[in-house]
Amino acid sequence: MVDQVYRYLEPSTLTADNGAADLRLATSGGHIGAERSAHPHFFEGLLAHSDQVAAALLVVARVARTRFYVPPGMLAAVLRRADPVVTSDGQRLRFESLSADAGVHVRLDLLPESLRVPPSAPGTTNVDVNVPLRQALARVGRDTALHLAVGTELTVRTDEATVTEEKVPLPDRWLKGFAEVQVAGAAMRPVLRADAVEARRFVRALPAATGGRSAPLWAVSGLRGLRVTAAPGRDAVSIAGPQRLRVLEPLLRFATGLRAYAAAEADPGRPAPSTWELQLADARLVVTLSPEVSRGFSGEGGVLLDLADPASAADAELVGALLKFEPRIDVLRLAASAGLPPERVLRALTRLGAAGRVGFDLHDGAFFHRELPFSSGVLDAMHPRLVTARGLVADGAVTATDHGFAVRDGEREHVVRAETGGHRCTCPWYARHRDDRGPCAHVLAVVMVSRG
Amino acid sequence: MAETSDQVSERLAGLVSAGDLTGLVEALAGLTERTRKAVWPLLKDVCPQTPAAVLAAVGCAPRPRALVDATPCMDFTQAAEALVVQVLLDRRPPWLPALAKALLTHWPAPEWRLRVVRALVRAGALEPTVTDGHEELLISAIAPARYWAEPDSSVLRALRDDPELLDHMVWTMLSTESCGRSLQQHDHHHDSPPEYRPDPSPRPWATWRHALVTLSAEGAVDRDRLLDVTLGALTADRAAPALPWFVSLHQALAPTADELAARRDVYLRLPAADHGPVLRLGLDAARRLLEHGAVGPTAVADALVPALSRPEKGSATAAIALLERAAASLPDRSSLLLTLTPALDHPHPDVRERARTLAMQWGSAPVPERPAVLVDEPTAPTPTAAGVVPVSGPEELAELFAHLIEEADDPIEVERALDGVLRLARSRPQHGARALAERAAYLAGRFPGPWFGSDVRTDLAALTVVWLTGEPPEPAWPGRQVGYVTERSDDGSSRSRAAIEPDCGLFALRRFRVHEVAQVVAHGGTVPLSLPATTDGSLPADVLLDRLSTVSTAYPRDLGCAFLRVPPEELDRLLPRFVPGAALDDVITLRRYAPQWRRVVGAPCDLWGRPASPMVGWADPTSPIGTVDRVVLGALDRRDPLRHAALELEDADHGGRPEQVTAAWTLLLPHHPDLLAAHAHPRLARALTKNRSGAGPLLEALGRSPRPAGPPTWSALVLGLAAKETAVQVAAVDAVVARARSGGLDAAGLAEQVRACLADDVVVGTRVSDGLAEVARADRGSAEIVLDVLGEVVPAVAGRRDGHRWVETAAELGTLLGRPVALPPELRALAADCGSSALARACRRALSVG
């Protein structure tokens with residue numbers, strides 16, 4: 001658990017007067033360009049499609065305060081208020097949030113056409129979305145001229161007495177999920193699309209609740225549009241917990257289309273993450289669902305082998321230093337700048353994604369730079385399996401045997417065997433998840449020892 | 001002479017025992033803190049569940065936490081509460097603020113605690129801010145809705161008794177998101193009291209709603225502020241359950257036209273709400289604002305756009321009606337055509353039709369129906385079953401068990417494990433055996449334990465322990481509990497014990513089989529016979545004969561499973577292999593198996609003899625008498641399908657993964673879809689109203705079976721389409737689609753079961769019609785078959801409330817496929833009668849096709 005301190009100079013506000021609304025989002029922590037800033041300020045200007053933007057911001061805020069899955073035995077889910085994160089790349093604004101159970105990630109991309117003026121600087125920060133602000137956002141109409149300010153210029157800074165400070169305990173797994181959801185997106189391809197009418201019908205026909213431990217479901221293309229099935233074919237998109245996709249509902253009236261993305265090499269029939277992009281006027285709302293309702297993004301572990309590789313750490317450090325809040329990271333150009341082959345740059349970007357330093361825009365098919373505004377150092381040390389594996393290696397717990405490797409973990413000794421298609425371990429974690437969620441700590445330790 | 005602490009404690013204990021509350025208050029009043037501390041150890045264990053004991057604890061507990069721990073989760077009379085307050089005021093311990101915090105934060109927090117804290121605030125012993133952050137407790141604390149509360153208590157009276165609450169606490173409460181749900185529950189309890197209350201008559205005068213409306217009428221509550229707070233709650237993007245109470249408060253406040261006009265901007269945002277009642281409130285307010293000239297028609301039209309795109313017919317229709325009214329005052333209505341656009345693509349044809357008519361009245365060119373997108377997708381080839389490879393050695397078997405005891409998600413893997421452990425009973429893995437045995441022993445201890453049949457993983461964990469330790473398994477649970485019997489002993493006392501009957505359904509057969517495997521493994525193993533050769537569960541006769549040639553002792557359940565897996569047309573080849581006996585009888589019985597299915601509907605009794613809801617079952621009076629030892633006879637026995645059906649409904653309640661249990665059934669009956677469907681009916685009956693039925697794998701198996709099917713299968717598919725559980729409903733749609741694609745669907749047979757289920761009122765008709773509509777979305781072939789089914793069902797829907805849904809779906813499919821829809825004479829007459837009912841309109845649309 002990490003205490004994330006949100007320190008706002010004043011609460012975010014929306015004031016409306018005579019057909020105009022002034023939305024001032026208070027900021028806490030983050031960056032302006034490469035510089036850390038306590039209260040970044042990087043946008044001030046009018047927005048197009050004011051009612052759409054207001055409704056979309058409410059969806060982002062709603063996901064942040066929703067727990068779609070309550071584990072059995074949990075009497076009352078403590079609703080932790082993790083504020084949305086906003087990123088400016090100098091051309092567009094992206095608002096992101098992750099649900100309390102780390103299973104639903106949402107990102108609102110306000111494209112350059114929806115901003116009357118471009119952001120004044122690139123940067124990332126947390127923004128306060130409080131109850132009165134939500135109330136005011138719900139009243140923004142189509143004809144309202146919506147002015148947005150992300151942050152406040154220091155010259156008009158308010159009295160110190162209005163500073164609000166809130167310490168919010170954020171579980172490691174939630175922070176990890178926020179970072180790793182980007183890595184999941186990087187492996188996806190577009191699979192399904194629907195026009196506005198079909199998008200409205202499909203989303204509204206999804207069940208409001210499935211109850212209990214729901215079986216994995218998929219969306220497929222049918223005779224008259226999309227339908228849900230339990231027997232997926234080749235071009236199917238996993239839609240575990242379909243009720244979670246209904247977060248799109250308030251925006252359906254603005255939708256111009258819907259696209260669904262699935263992992264390019266997903267094993268048909270196995271639960272997999274999926275991304276749903278609702279196309280709006282000069283904007284996109286992107287919802288990524290975890291493979292199962294009871295399984296947040298935090299447990300994916302898909303990047304652990306890369307993280308365990310010291311060579312990729314050096315590459316990531318080099319590549320990270322070259323990033324400048326690009327809206328689309330050009331891998332070839334970056335490879336040329338770094339003097340690395342493109343595939344190593346891609347691995348480095350994946351590693352940076354797991355650390356919350358880049359995101360992935362599926363529509364553009366490219367990484368973009370953003371630094372998650374969470375406590376520094378947290379994201380580096382939040383992979384418990386990796387930490388355990390490093391501990392095992394440091395303790396000399398890995399020994400080579402005739403049959404592979406013996407790894408002593410406390411009282412137990414587990415056997416790791418290298419076989420075609422990967423490593424196998426005798427530990428209960430591997431027995432339960434096999435290769436679905438990345439390697440176990442023992443396999444990681446063996447890989448580290450093997451690589452020297 | 002002063003009393004010693006022993007004497008004081010003895011006197012107080014006496015008062016506690018006598019329940020003398022007034023005496024206790026007097027006795028406690030003069031005590032010093034030192035004496036209270038001294039007597040506490042002697043008092044703290046005296047009758048902790050009485051008001052007198054609580055009073056003693058309040059008077060003597062040395063710390064806030066000790067006091068809170070000593071006060072149980074119970075409520076007192078108002079008089080007793082007053083005495084608690086008096087004792088605390090007499091005592092005035094220095095930690096009174098800390099006590100207030102402890103009282104309010106301790107969980108569970110009985111309602112009296114907030115009332116006591118408020119009484120102390122009123123007496124000046126505590127600051128009013130002590131209750132900040134605990135406003136939600138106020139909802140049920142000041143006028144409890146529970147049946148033992150004071151009969152004449154009401155929120156109104158409580159607020160009048162403590163008017164300071166209206167200064168701050170009530171307003172904060174109304175602004176707290178989670179309070180909306182609690183307020184709704186509280187007021188609902190008074191509006192519709194449960195029957196167990198001593199006086200179950202409604203008490204609307206006791207509600208929060210009544211209190212706030214009354215006090216605002218009296219001027220004690222600022223009406224404008226109350227209206228603003230109410231509208232604020234309705235527009236604050238709150239969760240749906242937090243909203244109905246504010247809607248009801250708004251209705252009770254009945255704002256005037258001037259009040260509406262003063263807040264017109266807010267009211268005009270309400271039609272954009274996701275929550276239906278809020279949206280309707282917004283539509284009503286917009287109508288009134290329009291009528292009173294407080295807003296112009298264009299502003300109303302703009303506000304209606306979100307409501308016109310709502311999927312519910314009622315909301316969209318109401319919005320169109322209001323739009324029509326707004327347009328009436330405009331000379332040029334063409335400017336409103338854009339507003340109508342969402343309704344032209346509305347999912348409901350009535351809405352589309354009305355929007356098209358209106359658009360043409362306003363000067364638009366005729367708007368055609370949105371052309372249907374018809375995509376002829378190549379039919380995917382039917383997947384062929386893959387071969388099943390036996391486990392190669394103990395290492396692989398250990399790895400397989402390590403996974404299956406955690407998640408037995410693949411029934412073929414379970415079969416491989418059972419096969420492997422019988423063959424490798426005397427072998428052990430070289431590595432990890434101890435860790436696996438420990439883990440398996442731990443998991444085998446999970447509730448309800450192995451051999452009850454409700455959790456495959458637990459049974460496999462117990463089997464793993466048997467394999468790795470050589471210890472024989474515990475006996476299996478002998479049968480099924482069907483009720484209780486009362487026994488009288490010689491001394492006249494009586495006691496109840498469980499009544500157990502033999503059970504030979506698939507639920508029991510599966511666990512008996514795994515138990516048999518465990519017993520054989522404990523005795524050294526054998527050559528297994530029943531491992532399916534392919535993933536569809538099939539076992540060719542030649543493969544079984546090969547295995548039989550190498551086995552000295554065939555174990556009965558293993559052999560029975562093998563017989564059921566042999567294709568019926570190959571059973572003849574097995575006959576020469578057996579001498580007269582049980583095995584030969586089983587083969588002959590299977591070979592002659594020709595069920596005479598009869599549909600039965602009844603209300604079987606549950607464990608306590610109470611009749612369940614009516615259920616459908618499939619009886620085969622010609623089936624053999626089942627026994628627990630003979631898998632074949634047990635599986636075939638369907639003489640009395642409703643006998644244990646109500647109990648089978650509850651099988652899925654115990655254990656963690658009901659779908660893993662039923663997945664094993666599909667491999668037991670790979671060639672008898674109707675028999676599998678008959679066994680599936682109790683699970684499907686559960687899926688009609690509950691989750692966790694485990695019916696999904698059964699429907700998937702019925703869908704992919706290449707064998708011809710009959711009425712039990714069609715009945716199972718209909719129940720599946722009507723399931724409440726999403727996964728089951730989707731599996732049923734998939735199964736119908738799969739059968740339609742493979743040519744194995746009898747539309748007339750399916751329609752007959754739809755009609756029967758509708759007639760017996762065992763399904764929700766709209767779920768079945770929606771399910772069939774979903775089937776028709778899959779491909780052209782499925783759509784054609786669904787239209788065939790609807791053609792047979794529609795004659796039976798006249799007079800049903802959901803009749804229009806069936807006709808509507810038929811009309812849409814008829815339009816899509818270019819096929820006319822035949823209607824029976826009474827529906828034709830209804831269509832010709834120019835009636836405006838939904839059914840009449842749907843019939844007219846159906847007749848216009850082709």
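Lettering of chains follows the sequences in order, A, B, ..., and the numbering in each one begins at 1.
If you measure heavy-atom distances from A/Tyr430 to chain B, the contacts under 4.5 Å come from the side chain alone. The contact between A/Arg201 and chain B is made entirely by side chain atoms (from C-beta outward), counting heavy-atom distances below 4.5 Å. At a 4.5 Å heavy-atom cutoff, B/Val728 makes no contact with chain A through either its backbone or its side chain. Using a 4.5 Å cut-off between heavy atoms, B/Ala408 makes no contact with chain A at all. Residue A/Asp143 touches chain B through its side chain alone, counting heavy-atom pairs closer than 4.5 Å. Residue A/Val220: no heavy atom, backbone or side chain, is found under 4.5 Å from chain B. Looking at B/Glu812, only its side chain comes within 4.5 Å of chain A, counting heavy atoms on both sides. Contacts between A/Leu226 and chain B at a heavy-atom distance below 4.5 Å involve the backbone alone (N, CA, C, O). Heavy-atom distances place no part of B/Ala738 under 4.5 Å from chain A, backbone and side chain included. Residue contact with chain A, scored on non-hydrogen atoms closer than 4.5 Å, involves the backbone and the side chain of B/Arg777 alike.
Of all the listed residues (B/Leu270, B/Val733, B/Leu231, B/Asp302), the one sharing the greatest number of non-hydrogen pairs under 4.5 Å with chain A is B/Asp302. Among the candidates B/His346, B/Glu700, B/Arg310, the residue making the largest number of heavy-atom pairs closer than 4.5 Å to chain A is B/Arg310. When the candidates B/His431, B/Arg238, B/Glu774 are compared by the number of heavy-atom contacts under 4.5 Å with chain A, B/His431 comes out ahead. Counting heavy-atom pairs under 4.5 Å between each of B/Pro306, B/Ala731, B/Ala272, B/Ala435 and chain A puts B/Pro306 at the top. Of all the listed residues (A/Glu249, A/Glu411, A/Arg204, A/Arg134), the one sharing the greatest number of non-hydrogen pairs under 4.5 Å with chain B is A/Arg204. Ranking A/Arg412, A/Arg434, A/His433, A/His414 against chain B, the residue ahead of the rest is A/Arg434, based on heavy-atom pairs under 4.5 Å. Taking chain A as the reference chain and counting heavy-atom pairs below 4.5 Å, the highest number among B/Pro347, B/Gly696, B/Ala776, B/Pro429 is found for B/Ala776. In terms of heavy-atom pairs under 4.5 Å with chain A, the best-connected choice from B/Ala233, B/Gly432, B/Gly232, B/Ser175 is B/Gly232.
A/His423 pairs by the ring pair (Phe, Tyr, Trp, His ring centres under 6.0 Å) definition with nothing, not counting sequence neighbours. When the ring pair (Phe, Tyr, Trp, His ring centres under 6.0 Å) test is applied to B/Phe401, the partners found at least two apart in sequence or on another chain are B/Trp467.
Distance check: B/Leu404 CG to A/Arg432 CZ gives 12.5 Å after rounding to the nearest 0.5 Å. To the nearest 0.5 Å, atom CG of residue B/Leu813 and atom CZ of residue A/Arg224 are 5.5 Å apart. If you take CZ on A/Arg142 and CZ on B/Arg269, they are separated by 10.0 Å, rounding to the nearest 0.5 Å.
Closest approach of B/Ala402 to A/Ala431, counting heavy atoms only: O-CB, 3.1 Å. Nearest heavy-atom pair across A/Leu223 and B/Ala783 is CD2-CB, 3.9 Å.
Salt bridge status for A/Arg62 with B/Asp237: present, with a side-chain N to carboxylate O gap under 4.0 Å. Using a 4.0 Å cut-off between charged side-chain N and carboxylate O, A/Arg424 and B/Glu395 make no salt bridge.
For B/Asp734 (side chain) and A/Ala231 (main-chain N/O), a donor-acceptor pair under 3.5 Å exists by modelled atom type.
In this structure the side chain of B/Pro342 never reaches within 4.5 angstrom of the side chain of A/Arg253, judged on heavy atoms. Using a 4.5 Å heavy-atom threshold, the side chains of A/Val228 and B/Gln729 count as separate. Counting only heavy atoms from C-beta outward, the side chains of A/Leu217 and B/Thr726 approach each other to under 4.5 Å.
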